[in-house]
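Report on the structure given below.
What you see below is based on every heavy atom in this structure, not just the backbone, and it leaves out hydrogens, waters and symmetry mates. Fair warning: this is a prediction, and the values are worked out from it, not measured in the lab.
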Amino acid sequence: MAAGLRIGPLLRYVDGVTGDSATIWIEADRPCTAEARCASGAGGSTRTFQIAGHHYAVIPVTGLTPGTTTEYEIRLDGRRVWPLPDSRFPPSTIRTPAPGDGVAVAFGSCRWAAKPAAGHDPVGPDALDTLAAHLATHPDAERPDVLLLLGDQVYADETSTATRRWLAARRDPRDPPGSEVGEYEEYTRLYDESWQDPEVGWLLSTVPSCMIFDDHDIIDDWNTSAAWLARMRATHWWSERVLSGLMSYWVYQHLGNLSPAELAADPLYAEVCGSPDGTDALRRFVAQADADPAGTRWSYRRDFGRTRLLMIDTRAARVLREDGRAMLDEAEAAWVREQALTDPGSYDHLLVGTSLPWLLPPLIHDAETWNAALCRGVRGGPGGRWARFAEDLRQRADLEHWAAFPSSFEALTRLLAEAGSGPQAPATVCVLSGDVHHAYVAEPRWPEREPEARVTQLTCSPLHNAIPLSVRLGFRFGWSRPGRRLGRVLARHAHAGPAPVSWRRTGGPWFGNQLMTLALHGRSARLTLTQARRGGRLVTVDERILSGS
């Protein structure tokens, strides 16, 4: 039987500097040779590799011409499988930058992929679906050059009705983890559900993407604290869950973040591709990564002309000891610092992708700082009544953003100021985040010298999810003047001094399924927020200049 395409193609890496190479990710239904052929004559091929009975390929595409757009097709064992016959979408293309081109970076997070029943979607229209439909029917519309997916690409702990039925046919749903996914095959079901969506499938075939995980890719509040982790490791099902989650992340998301040169130099990728079945090798790797996070780096850097992206892992790289809590382990923090400060003057815009916002509503920031101090034992000592109360509250209220790691918050604040300062400072330093199911723009103010760059926190989520009215009201109160005052009361109770930076909200909060886009050209930066509305409409709700004209 001829090989078929199960998921994909996903256009992942497109070289943002030379414009001459790309990678395309696919999942086939059997072993085969996967080939990409471009109308321009560029292309490439590779054999699939096997993980847990599934067959994947990351196809290197070489010979592309900078500054061009070329259609491509996918062939498996020589037979064309993409584009699909009678497709209603335009041909998939690879668009490469030319020297001096700007870049349009679209970003968001939190996409629950469940399909609506009987045409009604209880959480509203999907922003990626709506963007895809808009681009497919308006060929002259401004198209992103890259899509940054900042976490919660799949929801391992909030499955759809269809997936719950599928899980119930495999195992007894009364046994933990119940209606949540528990092992690798069940994770593949989540990616099937998400990426086989026709609109999203076409969008990801023609717009390059960069991805990073957040908590729901594994489980809600993943790595909140040492106490949380100990509780999870005491269950009989957690080990398989986290290993399967990391294995599937490596296959479905991480590999596409890497350049062809990085893939060629990756010993695990070489081992997996060089063996008949790479499951055991990958499983050993992620088991070590989970046991010793400092030995693995999921963070990565991408350059798009004179725009630099640092995508930071804010989940697996955490140090959870109460006497040394940090968002990033020492090696990871040093890597981020080096990448941000290397070759000053070589980029006009620095984008820091972190699934969790750096700057939160002030009340929430102070509440997390207060909570971290109590958990550390500033009142009653470690393990005392206040510490036990605070740990319970931390887990119940999701108090685990940058502010809950005060030393890391301060280190990131210093790094952003340093990267944005000096005679070769970039025009903008933008922290791109999601997670909190609303969008806003926040701008910091340093007590002493302001950086030359314009520094902003740009938060955008969800792509497709909901937020209860009570939480909406809570976020609004968190930005209010009474909320700020309450936050300072909490900070004083924990003997916490003022934050090393102050900030104010200059846009939002906006609620809905939405996407932000940064258009960067030279030293100019323009931000646009669009929301998906019923009827397939993509509506611009905010547009502003961050730098230049």
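- Without hydrogens or angle criteria, Gln153 side chain to Ile212 main chain gives a donor-acceptor distance under 3.5 Å.
- The cationic atom of Arg297 (NZ for Lys, CZ for Arg) lies less than 6.0 Å from the six-membered ring centre of Trp335 and within 45° of the ring axis.
- In terms of modelled atom types and a separation under 3.5 Å, the side chain of Thr459 and the main chain of Pro357 share no donor-acceptor contact.
- Minimum heavy-atom separation, Ile218 to Ala156: O-CB, 3.5 Å.
- Within the model, atoms CD of Gln288 and CG of Leu268 stand 12.5 Å from one another, a figure rounded to the nearest 0.5 Å.
- Inter-residue side-chain proximity for Ser299 and Met311 is flagged as unmet; no heavy-atom pair is nearer than 4.5 Å.
- The two atoms that bring Ser547 and Thr428 nearest to each other are CB-CG2, 3.5 Å, heavy atoms only.
- Checked by atom type and distance alone, the side chain of His138 pairs as donor or acceptor with a backbone atom of His134 at under 3.5 Å.
- Between Phe285 and Trp298, the ring planes are perpendicular. Angles over 60° get that label, and only those under 30° would be called parallel.
- Shortest non-hydrogen contact noted between Thr18 and Pro66 is O-CG, 3.1 Å.
- What you find for Arg315 and Asp221 is that their closest heavy atoms are NH1-C, 3.8 Å.
- Nearest heavy-atom pair across Trp370 and Leu490 is CD1-O, 3.0 Å.
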Intermediate values then yes/no, salt bridge (charged side-chain N to carboxylate O under 4.0 Å, His left out), Arg544 and Asp542: CA-CA 7 Å; Arg544 63 186 62 206; Asp542 189 72; 2.8 Å; yes
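- Side chains of Arg111 and Leu128 form a contact here, defined as non-hydrogen atoms less than 4.5 Å apart.
- Of the inter-residue distances, the one linking His254 atom NE2 with Tyr269 atom OH reads 11.5 Å to the nearest 0.5 angstrom.
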Worked verdict on Glu443 versus Thr506 for side chain to side chain donor-acceptor pair (under 3.5 Å): CA-CA 7 Å; Glu443 301 198 40; Thr506 58; 3.2 Å; yes
Pair Arg337-Glu330, salt bridge (charged side-chain N to carboxylate O under 4.0 Å, His left out): steps then yes or no: CA-CA 11 Å; Arg337 180 175 178 79; Glu330 187 175 345; over 6 Å; no
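- Side-chain N or O atoms of His464 include none that pairs as donor or acceptor with a backbone N or O of Pro462 at under 3.5 Å.
- For the side chain to side chain donor-acceptor pair (under 3.5 Å) with Ser355, the qualifying choice from Asp214, Asp313, Asp217 is Asp214, the only one to do so.
- Side-chain contact between Leu412 and Trp402: present, with at least one pair of heavy atoms (C-beta onward) separated by less than 4.5 Å.
- The shortest side-chain heavy-atom distance between Thr540 and Leu529 does not fall under the 4.5 Å cut-off.
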Intermediate values then yes/no, side chain to side chain contact (heavy atoms under 4.5 Å, CB included), Thr369 and Asn371: CA-CA 5 Å; Thr369 303; Asn371 180 266; over 6 Å; no
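- Once rounded to the nearest 0.5 Å, the distance linking CG of Asp152 with CG of Leu463 reads 10.0 Å.
- Asn223 contributes atom CG, which lies 10.5 Å from atom CE of Met327 (distance to the nearest 0.5 angstrom).
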Candidate pair Thr93 and Arg143, rule side chain to side chain contact (heavy atoms under 4.5 Å, CB included), full reasoning: CA-CA 12 Å; Thr93 61; Arg143 190 181 93 178; 3.2 Å; yes
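- Summarising the geometry of Arg302 relative to Cys210, their closest heavy-atom pair is NH1-SG, 3.3 Å, with the distance given to 0.1 Å.
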Worked check of side chain to side chain donor-acceptor pair (under 3.5 Å) between Asp348 and His521: CA-CA 9 Å; Asp348 293 318; His521 195 281; over 6 Å; no
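- Arg454 places a side-chain N or O within donor-acceptor distance of the main-chain N or O of Leu546, the cut-off being under 3.5 Å.
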Stepwise salt bridge (charged side-chain N to carboxylate O under 4.0 Å, His left out) test for Arg325 and Glu400: CA-CA 11 Å; Arg325 271 175 67 86; Glu400 38 94 46; over 6 Å; no
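- To the nearest 0.5 Å, the span separating OG1 on Thr314 from CG on Leu328 amounts to 8.0 Å.
- Glu199 places no side-chain N or O within 3.5 Å of a backbone atom of Ala133 that could act as its donor or acceptor partner.
- Not less than 6.0 angstrom separates the ring centroid of Phe475 from the ring centroid of His437.
- Tested against Tyr440, the residues Trp479, Trp503, Phe511 include a single ring-ring contact (aromatic ring centres under 6.0 Å, His included) partner, Trp479.
- Considering only heavy atoms from C-beta on, Val501 stays 4.5 Å or farther from Arg445 through its side chain.
- Atom CD of Glu142 is surrounded by 12 or fewer heavy atoms from other residues, nucleotides or ligands within 6.0 Å.
- Applying ring-ring contact (aromatic ring centres under 6.0 Å, His included) to Tyr249 and the options Tyr191, Phe213, Trp222 leaves one that passes, Phe213.
- Looking only at side-chain heavy atoms (C-beta outward), Tyr347 and Thr307 stay at 4.5 Å or farther from each other.
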Worked check of salt bridge (charged side-chain N to carboxylate O under 4.0 Å, His left out) between Arg95 and Asp145: CA-CA 8 Å; Arg95 186 167 70 183; Asp145 294 300; 2.8 Å; yes
Step-by-step side chain to side chain donor-acceptor pair (under 3.5 Å) determination, Thr517 to Thr528: CA-CA 5 Å; Thr517 302; Thr528 304; over 6 Å; no
Derivation of the side chain to side chain donor-acceptor pair (under 3.5 Å) call for Ser433 and Gln457: CA-CA 8 Å; Ser433 306; Gln457 167 72 67; 3.1 Å; yes
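- A 4.5 Å side-chain heavy-atom check between Leu518 and Leu458 finds at least one atom pair inside the cut-off.
- Within the 4.5 Å cutoff, side-chain heavy atoms of Cys375 are placed close to those of Glu322.
- Although no hydrogens or angles enter the test, the distance criterion places a donor-acceptor pair under 3.5 Å between the side chain of Thr68 and the main chain of Thr65.
- When ring centroids are compared, Trp386 and His493 come within the 6.0 Å threshold.
- Counting only distance, with no hydrogens or angles, the side chain of Arg488 and the backbone of Ala491 share no donor-acceptor pair below 3.5 Å.
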Audit row: Tyr155, Leu190, side chain to side chain contact (heavy atoms under 4.5 Å, CB included) steps and yes/no: CA-CA 8 Å; Tyr155 279 71; Leu190 299 183; over 6 Å; no
Trp358 and Leu432: CA distance, side-chain angles, deciding distance, side chain to side chain contact (heavy atoms under 4.5 Å, CB included) verdict: CA-CA 9 Å; Trp358 163 52; Leu432 314 181; over 6 Å; no
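- From Gln514, atom CD reaches atom CG of Leu538 across 11.0 Å, with rounding to the nearest 0.5 Å.
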